[in-house]
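Numbers restart at 1 for each chain; the letters A, B, ... are given by sequence-line order, proteins then strands.
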Number of protein chains: 2
Amino acid sequence: MATMTAAQRRQAAKAAFEEYLQVCPAHQVLEIIGSKWVSLVLSRLADGPRRYAELSRALPAASAKMLTQTLRALERDGFVTREVTPAVPVRVRYALTPLGERLVPLLAAIKQWADEHIDEIHAARARYDASRP
Amino acid sequence: MATMTAAQRRQAAKAAFEEYLQVCPAHQVLEIIGSKWVSLVLSRLADGPRRYAELSRALPAASAKMLTQTLRALERDGFVTREVTPAVPVRVRYALTPLGERLVPLLAAIKQWADEHIDEIHAARARYDASRP
DNA sequence: CCGCATCCTTGATGATACTG
DNA sequence: CAGTATCATCAAGGATGCGG
């Protein structure tokens, strides 16, 4: 049938858009770096390679599970390398790849924008909250 | 008591870090623009003011609830204005504020970075997935 | 030391129905 | 048209204990 109800058209449009989102590069990257611990881990690694326990100490609010999960995702996407030294006890070293290093300036740009505008955001927020009880 | 168990020290460090996260401008901004619909709504508004229904049609995958929630959050943080024209039926127009407009170049930078590196990310992902069954 | 497996809680998201 | 209210769902995140 060539004819669709309005509801069917909405469903089709929604499905098409969701597929588009999965392909859109900007959205994929935003999903990666917007994920809770990614920017924090990357900024630690930007200073140089770190062992697992060092990262864990530097990010005390991240549970071991989330830290591992984040590092695995970053490894999968090619941002960090994971290097295991088979000793007793084991030593695992994480470091940025060239791709990971190219991400650093972008994060720096975001940080700079944030520093420059956070006051304005807070002011807007205070105004908004004050205007409605 | 000046002495703490290791567990207590971890708790304290974690609490301190969580407080820091709430203040860190970069993290706050990342939380805003990383939220699912924000970048999409802002990029639509970057082309000019839009009515609620126009945004809804442009983003078919966003439920009315999420669209409203996103717009409210953006209004609160001072990125968009909401203008109600009392007629029958009502017309509501959303537009970027100057602050919102200053965010556009940052989003553009993210988009450009994504376009330039997405292939490498996908390649790394494929390599990783292929290396473990 | 590193980190996987398991269980569990909770907040984010979505579908649906209704109103000024 | 532009939402709000309510309920249902679900996956992210966290706590814990064990294993290599």
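- Counting any heavy atom pair closer than 4.0 Å across all strands shown, A:Ala53 reaches sugar-phosphate atoms only and no base atom.
- With rounding to whole Å, B:Arg50 atom CZ is found 16 Å from D:dC1 atom P.
- In this structure, CZ of A:Arg10 is placed 11 Å from P of C:dT16, rounded to the nearest angstrom.
- Among the atoms of the strands shown, only primed sugar atoms or phosphate atoms (P, OP1, OP2) are found under 4.0 Å from some heavy atom of A:Val92.
- Remark on DNA chain D: of its neighbouring residues B:Arg51 and B:Lys65, the 5'-side contact belongs to B:Arg51, judged by nearest-heavy-atom nucleotide.
- Within the nucleic acid shown, B:Arg93 has no heavy atom closer than 4.0 Å to any nucleic acid atom.
- Residue A:Leu30 comes nearest to B:Ile33 through the heavy atom pair CD2-O, 3.6 Å, listed as atom of the first residue, atom of the second, then distance.
- The distance from atom CD of B:Glu83 to atom C1' of D:dC1 is 16 Å, rounded to the nearest whole Å.
- Between A:Arg82 and C:dC2 there is no side-chain N or O to OP1 or OP2 distance below 4.0 Å.
- Rounded to whole Å, the distance from CG on B:Leu55 to C1' on D:dA2 is 12 Å.
- Applying the 4.0 Å criterion to OP1 and OP2 of D:dG3, one finds that B:Tyr94 has a side-chain N or O inside that range.
- Regarding B:Tyr52, its OH atom lies at a distance of 11 Å from the P atom of D:dC1, rounded to whole Å.
- To the nearest 0.5 angstrom, B:Thr81 atom OG1 is 12.0 Å from B:Leu99 atom CG.
- Regarding contacts with the backbone of D:dA15, a side-chain N or O of B:Lys14 is found under 4.0 angstrom from either OP1 or OP2.
- Within the 4.0 Å cut-off from OP1 or OP2 of D:dT4, at least one side-chain nitrogen or oxygen of B:Arg72 is found.
- When each of C:dT13, C:dC1, D:dG13 is scored by its nearest atom to the side-chain atoms of A:Gln69, the top-ranked nucleotide is D:dG13.
- Ionic pairing of B:Glu120 and A:Arg102 is present here: one or more N-O contacts between side-chain nitrogen and carboxylate oxygen are shorter than 4.0 angstrom.
- The distance from atom CH2 of B:Trp37 to atom P of C:dT13 is 9 Å, rounded to the nearest whole Å.
- Between A:Glu54 atom CD and C:dC2 atom C1' there is a gap of 14 Å when expressed in whole angstrom units.
- At least one side-chain nitrogen or oxygen of A:Lys36 sits closer than 4.0 Å to the OP1 or OP2 atom of D:dG14.
- What separates CZ of B:Arg57 from P of D:dC1 is a distance of 7 Å, to the nearest Å.
- Distance from the side chain of B:Met66 is smallest to C:dG14 among D:dG13, C:dG14, C:dG3.
- If you find the closest nucleotide of DNA chain C to A:Glu18 and to A:Pro89, the one lying nearer the 5' end belongs to A:Pro89.
- In this structure, B:Asp115 pairs ionically with B:Lys111, as a charged nitrogen and a carboxylate oxygen lie closer than 4.0 Å.
- Applying the 6.0 Å contact sphere to CD of A:Glu101 captures more than 12 heavy atoms from other residues, nucleotides or ligands.
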